[in-house]
Engineer: 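Dumping the structure here so I can ask a few things about it.
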Amino acid sequence: MNTATDTTTAAEHAHTTAWIASTLRARIAAGQLTPGSKLSEQSLSESLGVSRNTLRQAFATLAGESIVTRIPNRGVFVAAPGVEEVREIYRVRRTIEPAAVLWGRPTPAQLDAMEAIIRKAKAARDAGSVPEMANANQAFHEAVVSLTGSESLQELMDKVLAEMRLVFHAMASAPDFHTHYVDRNARLVTQLREGENEQAAAELRAYLDAAEAELLGHLEGA
């Protein structure tokens, strides 16, 4: 038995599984895969150049993150988060994002990048483009977490943002959902530039509370 070869093969397999999960997660976060979409094993295995067995393991990873759902005898589908999933998403966000703002020490380049995202969000708002506002919102909160400098937290946020994108689809009938958060994001960057981290963290927590309440109200009403 060649232990070294077996170990290398196992490591490569694990890496491929993680890569597939990351690729699908990114497609969901970008809005390319929507809630209820069926994930075809055949087409995905062919397009990604991986075996169906490896693909199934990636599906299992995403199912554990509540991003996809496996329905017996029907297949694997992109999940549609409900009330409890939204509550869990915001538990995580309230733990990570205000702390990133409170303890992070953003560089001028990081703040410039955040302001560039806000400009895109404002342009999308002026154009009435909900998908582009959602894209900018995702990018902004990813940038917030990057202030921690932690790769582990950024990986966790990638999973949360993928779930958030699925939640945003539920707000399609409320196109103004993103509009009133654009200016709040802009104010957050201003506070960070002025060194008002504590105030920014407190306002971000209130912002997340308000967003959660709005989402829950919509979902419970539906």
Engineer: Inspect the surroundings of CD in Glu194 and state if more than 12 heavy atoms from other residues, nucleotides or ligands are less than 6.0 Å away.
Structural biologist: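 Yes, enclosed.
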Engineer: Which heavy atom of Thr17 sits nearest a heavy atom of Thr54, and at what distance?
Structural biologist: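 Between these two residues, the closest heavy atoms are OG1-CG2, 3.5 Å.
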Engineer: Under the side-chain hydrogen bond (donor to acceptor under 3.5 Å, both in side chains) rule, what do Gln154 and Glu142 come out as? Steps first, then yes or no, please.
Structural biologist: CA-CA 7 Å; Gln154 286 177 268; Glu142 185 175 7; 5.8 Å; no
Engineer: Considering only residues two or more places apart or on different chains, which pairs with a residue in residues 123-140 satisfy salt bridge (charged side-chain N to carboxylate O under 4.0 Å, His left out)?
Structural biologist: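 Counting only pairs at least two positions apart or across chains, the salt bridge (charged side-chain N to carboxylate O under 4.0 Å, His left out) contacts touching residues 123-140 are Arg125-Asp183.
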Engineer: Do side-chain atoms of Ser47 reach the backbone of Ser43 as a donor and acceptor pair under 3.5 angstrom?
Structural biologist: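 Checking the backbone N and O of Ser43 against the side chain of Ser47, a donor-acceptor pair under 3.5 Å is found.
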Engineer: Between Asn137 and Arg165, does any side-chain donor sit less than 3.5 Å from a side-chain acceptor?
Structural biologist: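 Asn137 vs Arg165: no donor-acceptor pair found between side chains.
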Engineer: Under 4.0 Å between a Lys/Arg side-chain N and an Asp/Glu carboxylate O for Arg93 and Asp209?
Structural biologist: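 No, Arg93 and Asp209 are not salt-bridged.
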Engineer: Hey, mind stepping through Glu212 and Tyr207 against side-chain hydrogen bond (donor to acceptor under 3.5 Å, both in side chains) and telling me if it holds?
Structural biologist: CA-CA 9 Å; Glu212 179 188 27; Tyr207 165 142; over 6 Å; no
Engineer: Which atom pair, heavy atoms only, marks the closest approach of Ile20 to Ala58?
Structural biologist: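 The pair with the smallest heavy-atom distance is CG2-CB, 3.5 Å.
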Engineer: Is the backbone N or O of Trp19 less than 3.5 Å from a side-chain atom of Thr23, with the two atoms forming a donor-acceptor pair by type?
Structural biologist: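 Yes: the side chain of Thr23 pairs with the backbone of Trp19.
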Engineer: Tell me, yes or no, whether the heavy-atom count around Gln32 atom CD, taken from other residues, nucleotides or ligands under 6.0 Å, exceeds 12.
Structural biologist: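 More than 12 within 6.0 Å, yes.
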Engineer: Considering only NZ, NE, NH1 and NH2 on the basic side and carboxylate oxygens on the acidic side, decide whether Arg56 and Glu41 come within less than 4.0 Å.
Structural biologist: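 Looking at Arg56 and Glu41, the cut-off is met.
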Engineer: Can you get from Leu147 to Leu111 by hopping between Ile, Leu, Val, Met, Phe, Trp and Tyr side chains that sit under 4.5 Å apart?
Structural biologist: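 In one cluster: yes.
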Engineer: Output yes when Glu97 and Arg205 qualify as a salt bridge under the 4.0 Å nitrogen-oxygen rule, no when they do not.
Structural biologist: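 Result for this pair is no, no salt bridge flagged.
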Engineer: For Leu166 and Thr34, which heavy atoms make the closest approach, and how far apart are they?
Structural biologist: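 Smallest heavy-atom distance, with atoms named: CD2-C, 4.4 Å.
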Engineer: Would you find a donor on one side and an acceptor on the other, under 3.5 Å apart, between the side chain of Glu214 and the backbone of Ala211?
Structural biologist: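 Judged by distance alone, no pair lies under 3.5 Å.
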